[in-house]
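Shown next, in structure tokens, is the structure this report addresses.
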Protein chains: 2
Amino acid sequence: MQNKDDFDLQSFLPFLLNQAAEESSLAFQRVYKGRYGMLRNEWRVLFHLGVYGQMTAKEIAERSKMHKTKISRAVQRLAERRYLTRTRDGRDRRSERLALTPAGESVYRDLRSVAEEYDSHLARQFTRGEEALLRMMLRRLAGMG
Amino acid sequence: MQNKDDFDLQSFLPFLLNQAAEESSLAFQRVYKGRYGMLRNEWRVLFHLGVYGQMTAKEIAERSKMHKTKISRAVQRLAERRYLTRTRDGRDRRSERLALTPAGESVYRDLRSVAEEYDSHLARQFTRGEEALLRMMLRRLAGMG
DNA sequence: CCTTGTTAGTTACAAAATCAACTATTACCC
DNA sequence: GGGTAATAGTTGATTTTGTAACTAACAAGG
């Protein structure tokens, strides 16, 4: 089917980025969902804690741009499964410090190794230079650059 | 806050792509939502029809990788607002040909010009060469390349 | 034709996202 | 201090999505 119009939808960055994001998330999603029954927001919270150590929900929100209600509910589910503990901050008792339990750490380490392998699988399609440029451009587009 | 771990979450492609996709969709979303009360799936269907002319839901699904239930619901809403018409295909009466009405065309043209401008705004952060490379890599990651 | 299988699209019900209102605590400032 | 505003996080009502089951039309083989 040829274009009736000259607009190139398949090159429109918001569209293209969404397609690429969805496609690239799929294989990893199957792992955390299948192995641990986790949702997208849950692995994100888990990874933030695994990577950065203990954080508050607010700090996770700033880094991930997830909405606070998503974080709140993801934290609840992770706490139910004993993947993390919540302890009120002494200085500011509104917030709580979240930290992975040993069980959470172990899930994190398993998923991290899957993530590392999958990431290099994705990157293998490009040259080293292209790959570095891609990450740089994405960080810029994400407002993280 | 420094990494406790050596895994670089902010460079993990599925994460980075999602962040970039969400961020880059925001400004455009405000327009189609604010001006026409449309949802993401609706502008996608509208754009497919605007760009490619009349299509069936199935053809849209193949091109956009949207699930058929999303398309079905987006089509319903667009039909209610008289942005498109649905006519049963004579040869295969299971499927219907979707086509924009004049009102739909006019909404499409308006949003298309916003999209064009926004896309070049996003691309302006990069050199021509980088931009072309970016789109190529995204198409590859999206399985469209 | 009649059974079996496939395909286009819709719908029902459960799960998840969104948005606004809410609680509890801290900060500001007169 | 005492009042007002801001902040961290939760909850509830509504909307949207996801999964699976469903209808209707076609297809192919006997």
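Model, not experiment: these values are computed from the prediction. Sequence lines set the chain letters: A, B, ... in the order given, protein chains first and strands last, and positions in each chain run from 1.
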Worksheet item: Is the B/Phe28 to A/Phe12 ring centre distance short of 6.0 Å?
Response: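 Yes; A/Phe12 has its ring centre under 6.0 Å from that of B/Phe28.
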
Worksheet item: Ring centres of B/Trp43 and B/Tyr108 under 6.0 Å apart?
Response: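 Centroid distance B/Trp43-B/Tyr108: not below 6.0 Å, so no.
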
Worksheet item: Would you say a side-chain N or O of B/Lys33 is under 4.0 Å from OP1 or OP2 of D/dT15?
Response: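 No, because none of the side-chain N or O atoms of B/Lys33 sits under 4.0 Å from OP1 or OP2 of D/dT15.
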
Discussion item. With a 4.0 Å cutoff (strictly under), does any side-chain N or O of A/Arg86 reach OP1 or OP2 of D/dT10?
Written reply: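 For A/Arg86, the contact criterion (side-chain N or O under 4.0 Å from OP1 or OP2 of D/dT10) is met.
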
Rounded distance in Å - [atom1] ([X]) to [atom2] ([N]):
X	N	atom1	atom2	value
A/Ile71	D/dT10	CD1	P	10 Å
B/Glu22	C/dA17	CD	P	11 Å
A/Met66	D/dT10	CE	P	13 Å
A/Arg94	C/dT23	CZ	C1'	12 Å
B/Met38	D/dT15	CE	P	19 Å
A/Gln29	D/dT17	CD	C1'	13 Å
B/Ile60	C/dA8	CD1	P	13 Å
B/Glu96	C/dT10	CD	C1'	10 Å

Across the strands shown, which category fits [X] at heavy-atom distances under 4.0 angstrom: base, sugar-phosphate, nothing?
X	value
A/Arg40	nothing
A/Lys58	sugar-phosphate
A/Arg91	sugar-phosphate
B/Leu39	sugar-phosphate
A/Asn41	sugar-phosphate
B/Thr56	sugar-phosphate

Worksheet item: ring pair (Phe, Tyr, Trp, His ring centres under 6.0 Å) between B/Phe15 and A/Phe47: does it pass, once the steps are laid out?
Response: CA-CA 11 Å; B/Phe15 181 77; A/Phe47 267 57; 9.1 Å; no

As a test of reading the structure: which of [options] is closest to the side chain of [X], going by heavy atoms?
X	options	answer
B/Asp92	D/dA25, D/dT10, C/dT10	D/dA25
A/His67	C/dT6, C/dC19, C/dT25	C/dC19
B/Ser72	C/dT10, D/dG9, C/dT25	C/dT10
A/Lys70	C/dC19, C/dT11, C/dA17	C/dA17

Fill in: Given DNA chain C, 5'-ward residue of the pair B/Lys68 and A/Arg93, judged by closest heavy atom
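Taking each residue's closest nucleotide, the earlier one in sequence belongs to B/Lys68.
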
Practice prompt. Select from B/Gln76 and A/Arg77 the residue whose nearest nucleotide in DNA chain C is closer to the 5' end of that strand.
Written response: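 That would be B/Gln76.
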
Fill in: base_contact_polar (D/dG18 base, B/Arg73 side chain, donor-acceptor, <3.5 Å)
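Yes, a donor-acceptor pair under 3.5 Å.
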
Worksheet item: Is a donor on one side and an acceptor on the other found under 3.5 Å between the side chain of B/Lys65 and the backbone of A/Glu22?
Response: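 Checked: no pair found.
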
Fill in: Pairing of B/Glu59 and B/Arg63 as salt bridge, 4.0 angstrom limit
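Salt bridge flag = no for B/Arg63 with B/Glu59.
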
Discussion item. Taking CZ in A/Arg82 as the centre, count heavy atoms belonging to other residues, nucleotides or ligands within less than 6.0 Å. Is the count above 12?
Written reply: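 Not buried by this count: 12 neighbours or fewer within 6.0 Å.
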
